Amino acid sequence: MSFNKQNKPVIAVVGAGPGIGEAVARRFAAEGYVTALLARTEDKLQSMCERLEKDFGQGISRYYLTDLRNEEQVIASFSAIRTELGPVQVLVYNAGARRVNGRAVLDTTTEEFESFTKINLFGAFWSSKCVLPDMLAAGRGTIIFTGATGSLRGMPGLSSFSPGKFGLRSLAQIITREYQSKGIHTAHIIIDGPVDGKLIGGVKRRQWIRDGDKEKLEEVDAYIAQPDDLAQIYWFLHSQPRSSWTQELDVRAQKESMFSKL
Ligand SMILES: NC(=O)c1ccc[n+]([C@@H]2O[C@H](COP(=O)([O-])OP(=O)(O)OC[C@H]3O[C@@H](n4cnc5c(N)ncnc54)[C@H](OP(=O)(O)O)[C@@H]3O)[C@@H](O)[C@H]2O)c1
């Protein structure tokens, strides 16, 4: 635990980008957690760690370059986290990947299907296997998976996304049924609509600017989920008393259009 001398509790944010990932890391850092950030892009990870350290103190964050499609890299990163920071108490598996412009089944290659499914599902399986032994030894731990609308509904164009997300939901239920009685709280969050990040949020904003849709631009938070608001939910789930654990919840912005059409 060479980098966690004060023996602070450890959260691993797997799939840490500037949207939900960073917001969750910041929310837990504010509660005194040391944050291990896992993703592939070093400069983004470095900037997130710098922002965390600036706001929450030296040593509050470390990053671990990992391609979640590769089991050996996942194991190596969690082994380094254990050595440098200590056992993980909270695992947030946030990585997810999809095409912005979807493709039908017949146009989806095996490579694409495999690559996205590894990010959406396999990485969560491998990460959970890395943290569960220490959590079980401690008799407590929290595992939270980030889901999406595609976790519940197969829609045209999502052939390389939804199957992995459906599987992730099932994995959350299985871990709950296998390990909840041993102190492990596992939760699956269905984010049913766009998030205000660079990719999907950015596409939406550009579309509204093109359409001159002032109302939406003026009240973005009514239409797109805000990462900081979502991060509160991750903290809420983790801090629930054990008499009242949530296994799954869904969330969407007030005026999310797909939901309101159902
Ligand atoms: N954004 C939305 O509109 C939206 C809507 C509903 C649900 N969700 C769910 O929310 C989660 C993502 O949250 P976010 O959109 O706010 O993203 P984010 O937290 O800003 O970033 C997620 C990070 O995951 C990392 N990642 C992707 N593939 C990876 C891989 N193979 N290995 C390691 N890291 C990888 C990426 O970093 P690198 O590229 O550096 O690896 C990316 O920056 C996903 O589970 C997604 O399905 C998002």
Side-chain angles (χ1 to χ4, degrees), residues 1-96 118-119 122-146 175 179 182-187 227-228 231-232 234-235 237-239:
M1 305 206 297
S2 45
F3 292 95
N4 183 13
K5 298 260 186 268
Q6 290 172 286
N7 202 14
K8 292 184 173 180
V10 179
I11 177 172
V13 181
V14 184
I20 300 170
E22 182 172 3
V24 167
R26 293 180 66 81
R27 184 67 187 84
F28 279 73
E31 300 289 342
Y33 277 70
V34 167
T35 61
L37 309 181
L38 289 76
R40 294 165 298 185
T41 315
E42 187 153 25
D43 57 343
K44 276 200 289 183
L45 287 164
Q46 225 160 17
S47 309
M48 280 186 271
C49 279
E50 280 166 16
R51 286 193 287 273
L52 275 153
E53 298 220 320
K54 181 172 158 283
D55 293 338
F56 301 102
Q58 276 301 113
I60 203 74
S61 187
R62 280 184 77 73
Y63 68 81
Y64 298 85
L65 281 178
T66 318
D67 187 338
L68 296 161
R69 294 170 294 187
N70 181 312
E71 183 178 12
E72 281 169 19
Q73 287 190 31
V74 174
I75 292 171
S77 290
F78 276 98
S79 165
I81 293 169
R82 193 171 194 273
T83 306
E84 294 177 357
L85 303 179
V88 171
Q89 279 190 11
V90 181
L91 166 69
V92 170
Y93 192 86
N94 182 61
K118 280 190 168 162
I119 299 167
F122 279 63
F125 172 63
W126 294 326
S127 301
S128 301
K129 285 182 69 165
C130 286
V131 299
L132 272 167
D134 279 336
M135 290 182 175
L136 289 168
R140 67 184 174 139
T142 302
I143 296 178
I144 302 177
F145 291 162
T146 305
I175 297 173
Y179 299 112
K182 299 181 171 74
I184 313 302
H185 179 193
T186 306
D228 288 347
Q232 302 280 16
Y234 287 74
W235 176 256
L237 286 170
H238 168 62
S239 55

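Everything numeric here is computed off the predicted structure, so don't read it as measured data.
Across all non-hydrogen atoms, the minimal contact from R69 to I119 is CG-CG1, 3.5 Å. Considering all non-hydrogen atoms of both residues, I81 and A36 come closest at CD1-CB, 3.8 Å. Taking all atoms of both residues into account, the shortest heavy-atom contact from F145 to S128 is CZ-OG, 3.5 Å. Nearest heavy atom pair, residue G32 against residue P9, reads O-CD, 3.7 Å.
Under the 4.5 Å side-chain criterion, counting only non-hydrogen atoms from C-beta, K44 is not in contact with E22. No side-chain heavy atom of T83 sits less than 4.5 Å from a side-chain heavy atom of S2. Here the side chains of K118 and L68 are not in contact, with every heavy-atom distance at 4.5 Å or above. Residues V10 and P87 fail the side-chain proximity criterion, which asks for heavy atoms closer than 4.5 Å. In this structure the side chain of Y234 never reaches within 4.5 angstrom of the side chain of I11, judged on heavy atoms. No side-chain heavy atom of V74 sits under 4.5 Å from any side-chain heavy atom of F125. With contacts defined as side-chain heavy-atom distances shorter than 4.5 Å, the pair M48/S61 does not qualify. Within the 4.5 Å cutoff, the side chain of I143 has heavy atoms near those of the L132 side chain.
No donor-acceptor pair closer than 3.5 Å links the side chain of E84 to the backbone N or O of F3. With N94 contributing its side chain and G15 its backbone, the two residues share a donor-acceptor pair below 3.5 Å. Side chain of T35 to main chain of I60: a donor-acceptor pair is present (N/O by atom type, distance under 3.5 Å, no hydrogens or angles). Side-chain N or O atoms of Q89 include none that pairs as donor or acceptor with a backbone N or O of M135 at under 3.5 Å.
The environment of CZ in R82 is sparse: at most 12 heavy-atom neighbours from other residues, nucleotides or ligands sit within 6.0 Å.
The distance from atom CD of E42 to atom OG of S47, rounded to the nearest 0.5 Å, is 10.5 Å. Atom OH of Y64 is separated from atom OG of S77 by 8.5 Å, given to the nearest 0.5 angstrom. Atom CG of L65 is separated from atom CG of L37 by 11.0 Å, given to the nearest 0.5 angstrom. Rounded to the nearest 0.5 angstrom, L91 CG and T186 OG1 are separated by 9.0 Å. For the atom pair R26 CZ and W235 CH2, the distance stands at 15.5 Å (nearest 0.5 Å). Separating the OG atom in S239 from the CZ atom in F28 is a distance of 7.5 Å, to the nearest 0.5 Å.
Between E50 and K54 there is no salt bridge, since no side-chain nitrogen of the basic residue lies less than 4.0 Å from a carboxylate oxygen of the acidic one.
Here Y33 pairs with H238 under the side chain to side chain donor-acceptor pair (under 3.5 Å) rule; sequence neighbours left out. With sequence neighbours excluded, the residues forming a ring pair (Phe, Tyr, Trp, His ring centres under 6.0 Å) with F122 are W126, listed by chain and number.
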Query raised in the report: side-chain contact (heavy atoms from CB on, under 4.5 Å) between F78 and T66: does it pass, once the steps are laid out?
Result: CA-CA 10 Å; F78 276 98; T66 318; over 6 Å; no

Requested in this report: Show your reasoning for whether side-chain contact (heavy atoms from CB on, under 4.5 Å) applies to I184 and L136.
Outcome: CA-CA 7 Å; I184 313 302; L136 289 168; 3.8 Å; yes

